[in-house]
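Written out below as structure tokens is the structure these notes cover.
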Amino acid sequence: MPKRSSKRRANSQLEEEEERPRSRRSTQSSQEEEDDNAEEDVGGDQFMFSQQVPEMSQNVAPERPSDRRNCLILMKALERQTIDRLKIPKEASIADYRISSVAFQEATDRLHNVFGFELKRIPKYLEEQKSTPKRFKDRHYVVNGASKDNDHGCAHSKAIHSAHQDAAMEKGFLMLTLALIFCKGESHADGSRWVLARDLYRLLHSMDDSIPEEPPQQGTARAKTVHQKSRLRSKNMTPNVDYLLEKFTQQDYLIKEKATEENYATQALEEGDMLYSMGPRSAMEVGRKQVIYFCAEILGEEPDP
């Protein structure tokens, strides 16, 4: 009897061991079926990203001296600041002045190839005029050479900035100022025209009595706050003449010089008298011919060919 019971125990243990793998296999198969069903619910065409580490990126490339020159000239152009060939190397931190001309030419080529802008010197007729101040001899200006006037065969610069209401007002005031200089200014032997600041203010006041009749006197509160005022004096769109004339002078749209007996001898001068003339940037972006056509259109006449 004891032998039979031991055999029965051994057989029952073997049966239990055989059933355990079966239950494990059934559990695994049921789990796989659940996974397959879940994938079918999500959709077989959906791509699941893994949590692997992506490729490492690189740090920003260090600035090169040529990049600094190009960026400096471009920023000056967009802000319509003066670009002096002799001052650019120092402003761009170029220590070796022996390569300044080569570096300046490289920046000029890069502006043309990348942005389509051209770096130009002042017009030849301005350079030859004796009344043109010497500080303009080495100045350059960025123009957009994409625009060409086929009727007259000359290139004019497009407006780099947006044509919003304030910009349109500034351009209109600049055209009016250039027209007054051309029509009312004193003509010199070299072909340049100059107008006294007090005469210019008087003419502008005759068109809009909101404009002051006299220019600001040096040392007064009005003269000290020229840069702090807005381009408009009031809500009726009257331009702030003090601010705009100073701005156009800094951007070389106008030339402002002290009046002396040598450069203005037609009438008696007062202390602090200043003169205005067309600047090199106006000559390049507007042009004398466009000013003549503007005056003729206002007067209702045809310009001479």
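Numbers here simply count residues along the sequence, with the first being 1.
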What do you reckon, is CZ of R121 surrounded by more than 12 foreign heavy atoms closer than 6.0 Å? no
Closest non-hydrogen atoms of D190 and S131, given as atom of the first, atom of the second and distance, are OD2-OG, 2.7 Å
Does CD belonging to E214 count more than 12 external heavy atoms closer than 6.0 Å? yes
Rounded to the nearest 0.5 Å, what separation is found between the CD atom of Q129 and the NZ atom of K124? 12.5 Å
Indicate whether any N or O donor in one side chain lies under 3.5 Å from an N or O acceptor in the other, for S192 and S277. no
Separation of R288 CZ from L126 CG (nearest 0.5 Å): 7.5 Å
Identify whether the distance between the nearest side-chain nitrogen and carboxylate oxygen of R135 and E257 falls below 4.0 Å. yes
Scanning both residues in full, the closest heavy-atom pair of D242 with P216 reads OD1-CD, 3.5 Å
With heavy-atom distances below 4.5 Å as the criterion, would you say the side chains of I255 and P280 are in contact? yes
Above 12 or not: heavy atoms from other molecules or residues under 6.0 Å from NZ of K137? yes
Evaluate the ring planes of F248 and F173, with Trp represented by its six-membered ring, and classify them as parallel (under 30°), tilted (30 to 60°) or perpendicular (over 60°). parallel
Gap separating the CZ atom of F136 from the OH atom of Y141, nearest 0.5 angstrom: 5.5 Å
Does R139 CZ have over 12 foreign heavy atoms under 6.0 Å away? yes
Would a hydrophobic clustering, with Ile, Leu, Val, Met, Phe, Trp and Tyr connected at side-chain separations under 4.5 Å, put Y264 with M274? no
Check step by step if side-chain contact (heavy atoms from CB on, under 4.5 Å) holds for L245 and L200. CA-CA 11 Å; L245 289 179; L200 179 60; 4.2 Å; yes
Looking only at atom types and distance, does a side-chain atom of R193 sit under 3.5 Å from a main-chain N or O of F182, one as donor and one as acceptor? yes
Inter-residue atom distance L180.CG - L203.CG, 0.5 Å rounding: 5.5 Å
Please report the closest heavy-atom contact between Q251 and R281, naming both atoms and the distance. O-NE, 2.6 Å
Nearest atoms (heavy-atom pairs only) where W194 meets H188: CD1-CE1, 3.4 Å
L178 and its side-chain contact (heavy atoms from CB on, under 4.5 Å) partner, picked from S282, C295, C183: S282
Exercise: identify the closest heavy-atom pair between P303 and I292: CB-CG2, 4.1 Å
Return the CZ to CG distance between F294 and L299, rounded to the nearest 0.5 Å. 10.0 Å
Would you check if there is a donor-acceptor pair between the side chains of D199 and Y276 at a distance under 3.5 Å? no
Just wondering, do N263 and L275 contact through their side chains at under 4.5 Å, heavy atoms? yes
For E170 and L244, what are the C-alpha separation, side-chain angles and deciding distance, and is it a side-chain contact (heavy atoms from CB on, under 4.5 Å)? CA-CA 7 Å; E170 288 187 4; L244 291 179; 3.8 Å; yes
Indicate, with yes or no, if M207 and I181 share a hydrophobic cluster defined by side-chain heavy-atom contacts under 4.5 Å among Ile, Leu, Val, Met, Phe, Trp and Tyr. yes
For L204 and L176, what are the C-alpha separation, side-chain angles and deciding distance, and is it a side-chain contact (heavy atoms from CB on, under 4.5 Å)? CA-CA 9 Å; L204 293 171; L176 178 60; 3.9 Å; yes
Residue pair M175 / V291: nearest heavy atoms and the distance that separates them: CE-CA, 4.4 Å
Less than 4.5 Å apart, side chain to side chain, heavy atoms only: is that true for L196 and Q267? yes
Ignoring hydrogens and geometry, is there a side-chain-to-backbone donor-acceptor pair from D273 to R198 under 3.5 Å? no
